[in-house]
Amino acid sequence: MAAIWVYAEHKDGKIKKVAFEILSEAKALAGKSGGPLCAVLIGSGVEGMAAALGSYGAQKVYCVEAADLGAYTTGGYTKALCDLVQQEKPAIVLFGASINGKDLSARVAGRLGVGLATDCTGIGLDDKGRLQVRRPMYAGKVYADVVFSDAAPQMASVRPNVLTLAAPDESRKPEVVKVAAAVKSDDTMVALKEVVKTGGEKVDLTEANIIVSGGRGMKGPEGFQILEELAGVLGGVVGASRAAVDAGWRPQSDQVGQSGKVVTPNLYVACGISGSIQHLAGMGTSKMIVAVNKDPEAPIFKKADYGVVDDLFKIVPAFTQEVKKLQ
Ligand SMILES: Cc1cc2nc3c(=O)[nH]c(=O)nc-3n(C[C@H](O)[C@H](O)[C@H](O)COP(=O)(O)OP(=O)(O)OC[C@H]3O[C@@H](n4cnc5c(N)ncnc54)[C@H](O)[C@@H]3O)c2cc1C
């Protein structure tokens, strides 16, 4: 039976959690289809990360390396992955819907001439053994179940933090297959000269378990200080609505929503955010939503699991103090 592949994105020598999440659920799919579950690492010096993929269920890990495959480039990674897909012919290839995962999956699908379901929140197989995925449409107003034609491979990108992460089993050792990629500097087309971090060591919003977000109700950039304090005691990070970003109160990298980041934390605390459809498109699949807003009619309350109708400048610092008492 043809294999199920998971592209394992990595950064600074660490595999992104979403790859482990996909492997955790794809294990059941591979069990049903009878094909092996494989992971693909691309870069240089990646072999050391293979064992971790095995512990989440990858039976085989392809380590695709070339001197010109250091940091991620669309052209280089597309060539490396397409060559391997054409050689090994997997049935299914799954990616994390991170920024690079979205970029790579779209380019690979285009190069191979196959379809791609993006930003999925569920993966499975239909009764014919084809990949069947669930994905939000119309800014999260409806979910579509999508099946694929018989073209191969069937490809999808999966939203981080939505699939259930299994416990790793370190006794599982994957078969490691080294592949020398035929990638030259001409394929990469661009050269990465320097990475300038804007958010310091802050966890990327798309990977955060707890997000405390603020909107226009924060009144100004200094208002976000109380959100930083709450996020600090909760072990989370701060996000923002577009209104707060457009006002210059927060960097664009903090924006949650349709034209910002799509996030799925375990806890999303929305402070002074009305809950526009565009904001909900970015955080509506959060596992628990708490809203603080002085307007009882604010649409965010329709989506929230818990709501506080009051002045956030009174509620947020008091809540921070209560959390501190528990620590
Ligand atoms: C194409 C397009 C794309 C967009 N993309 C995005 C996107 O990605 N993300 C996004 O967020 N928006 C996006 N928007 C903008 C969106 O439509 C809204 O304008 C925006 O989300 C509003 O932000 P807000 O909720 O912070 O502000 P407002 O809608 O002004 O809400 C502020 C809220 O704060 C409350 N409030 C005020 N003071 C207090 C207080 N002291 N205590 C408690 N509550 C208080 C008010 O009651 C109000 O509900 C997009 C719009 C378009 C057209």
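Just so you know, these numbers use all the heavy atoms, side chains as well, and skip hydrogens, waters and symmetry mates. Counting starts at 1 for both ligands and their atoms, following the listed order.
- When heavy-atom distances to ligand 1 are checked against 4.0 Å, the residues falling inside are Gly215, Arg216, Gly217, Lys219, Ser241, Arg242, Ala243, Gln255, Val256, Gly257, Gln258, Ser259, Gly260, Gly272, Ile273, Ser274, Ser276, Gln278, His279, Asn293, Lys294, Asp295, Asp310, Asp311, Leu312, Phe313, ordered by chain and number.
- Annotation: salt bridge (charged side-chain N to carboxylate O under 4.0 Å, His left out) contacts involving residues 237-258, sequence neighbours excluded, comprise Lys202-Asp254, Glu228-Arg250, Arg242-Asp246, Arg250-Asp254.
- Classified by interplanar angle (parallel below 30°, tilted 30° to 60°, perpendicular above 60°), the ring pair Tyr77/Tyr7 is perpendicular.
- A distance of 9.5 Å separates SG of Cys271 from CZ of Phe313, quoted to the nearest 0.5 Å.
- Shown here is Arg130, whose CZ atom has more than 12 heavy atoms of other residues, nucleotides or ligands within 6.0 Å.
- Taken from NE2 in His279 to CD1 in Ile300, the straight-line distance is 5.5 Å, to the nearest 0.5 Å.
- Here the options are Ile92, Leu84, Leu94, the test is side-chain contact (heavy atoms from CB on, under 4.5 Å), and the partner is Trp5; only Leu84 passes.
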